[in-house]
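Worksheet for the structure shown next.
In what follows, every chain begins at residue 1, and chains take the letters A, B, ... in the order their sequences are listed. The structure presented is a predicted model; accordingly, all values stated were derived computationally and were not measured.
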2 protein chains.
Amino acid sequence: MDREPEETDDVRRNAGRGRALDSLDRKILGALSEDATRSYADLSKEVGLSAPAVHERVKRLRATGVIKRTSADLHGPSLGKDFLAFVHVEAAGWGKTEGIMALGELPEVEEVHAVTGDTGLILKVRMDCPEAMEGFLWRLYDMPGVRGTRTYVVLSTHLERGVQAGITPDLSQGDNLK
Amino acid sequence: MDREPEETDDVRRNAGRGRALDSLDRKILGALSEDATRSYADLSKEVGLSAPAVHERVKRLRATGVIKRTSADLHGPSLGKDFLAFVHVEAAGWGKTEGIMALGELPEVEEVHAVTGDTGLILKVRMDCPEAMEGFLWRLYDMPGVRGTRTYVVLSTHLERGVQAGITPDLSQGDNLK
DNA sequence: GCTGAAATCCTCACCAG
DNA sequence: CTGGTGAGGATTTCAGC
């Protein structure tokens, strides 16, 4: 379970047309992905840089798209969205047409992925109630190219988080509990 | 802590044991879910309140759990995570056992949902490469109760966002575009 | 990337409705 | 009880090094 993280800093294929991410960048990203409200002064003590240096890095990480955005993660049930489901859409000959884009307009659709296998499209949808789900599926069937759907209703969510920076927890440091 | 909260009956089913959310709360939530770096002064101009009032509401929304946290959304490919997949786990007789909790320890696992249907568990996993996927599936098969898996490899992601506040875009207001 | 200073912002007090 | 006003303190942010 604990493997030595080799210091291979060679960049493979950087989407952001910037420079490779070093260990400090990953440390910053890991911290901000868990709590983006932390101050630069606070982060600076953790990464061993000055506050403006951290700020400069974060600014660069935002500009290059490594940090897509900083968002408040909302609690579905508090907003009346008690109903979460994954919908597998069996679509026939969908290019990346307007149909997919139209799905993004609906606030209940949180994710749209084109996948391999027998389905073609996986949707993550969250709404108020089963009735809303029914209405959504009807609209889905009305779209051209939709041959069928398979819906997996979520009974309980045990984990739901964003992309992990992949930092091994700082066992070597152990410096602060903040 | 210092006051007993009187349970108003008009609260429908509030997960956070707080009060219902009004239109201003939703407006704030909608804005912060898209960009949590905006200042309270900025938000106050949009919702028509003073900055401290907005801050007070946000503080309450955090305390009641409506805002679960504020996080930086990272770009997978920039971190070397080019491989996203949904794994349907056919599990036999899993209570909410340690097996599920163990999955959360793995940084490649982003979501774990118990679902209806023939699968039982849906996992969202993101990693470096197909080889890592293979290793992950092996570890999955080693877990007790895992009878089988079906993996849907994501070819392209067209939408990926958090819980939407569900505000209809303010067409009636039209006060400012920020 | 560091230091220091200025502008902004957060945050708390207190007061009004 | 919720929102407004004003001031103190922290933070962001931009110089120059």
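Across A:Leu49 and A:Ser44, no two heavy atoms sit closer than the pair O-CB, 2.9 Å.
Under a hydrophobic clustering in which Ile, Leu, Val, Met, Phe, Trp and Tyr are joined whenever their side-chain heavy atoms come within less than 4.5 Å, directly or via other members, B:Val109 and B:Leu137 fall into the same cluster.
At a cut-off of 3.5 Å, with distance as the only test, no side-chain donor of A:Tyr152 or B:Thr116 sits close to an acceptor on the other residue. Checked by atom type, the side-chain pair B:Glu111/B:His113 shows a donor-acceptor distance below 3.5 Å. With 3.5 Å as the limit, one finds a donor-acceptor pair spanning the side chains of A:Arg62 and A:Thr70.
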Exercise for review: Applying side chain to side chain contact (heavy atoms under 4.5 Å, CB included), run through A:Leu121 and A:Val115 and close with a yes or a no.
Suggested key: CA-CA 6 Å; A:Leu121 225 54; A:Val115 297; over 6 Å; no
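Here the P atom of nucleotide D:dT5 and the CG atom of B:Leu49 are 11 Å apart, to the nearest Å. Going from atom CZ of A:Arg38 over to atom P of D:dT12 covers 12 Å, rounded to whole Å. Per the geometry, CD belonging to A:Glu56 stands 14 Å off P belonging to D:dT12, to the nearest Å.
Salt bridge status for B:Lys124 with B:Glu108: absent, with no side-chain N to carboxylate O gap under 4.0 Å. Salt-bridge formation is detected for the pair B:Glu46/B:Arg38: a Lys NZ or Arg NE/NH1/NH2 atom is positioned less than 4.0 Å from an Asp or Glu carboxylate oxygen. Between A:Arg57 and A:Asp25, at least one side-chain nitrogen of the basic residue sits less than 4.0 Å from a carboxylate oxygen of the acidic one, meeting the salt-bridge criterion. Between B:Asp73 and A:Lys68, none of the side-chain N atoms (NZ, or NE/NH1/NH2) sits under 4.0 Å from a carboxylate O, so this pair counts as no salt bridge.
In the helix from C:dG1-D:dC17 to C:dG17-D:dC1, the rotation axis of the first five pairs and that of the last five pairs differ in direction by 30°, rounded to 10 degrees.
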Using the 3.5 Å cut-off, write out each protein N or O paired with an N or O of nucleotides 13-17 of chain D and the distance between them.
| unit_1 | atom_1 | unit_2 | atom_2 | d |
| --- | --- | --- | --- | --- |
| D:dT13 | OP2 | A:His55 | NE2 | 2.7 |

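Nucleic acid contact class of B:Ser39 (heavy atoms, under 4.0 Å, all strands): sugar-phosphate only.
You can see that DNA chain C meets the heavy atoms of chain A within a 4.0 Å-exclusive cut from C:dG1 to C:dG4, reading 5' to 3'.
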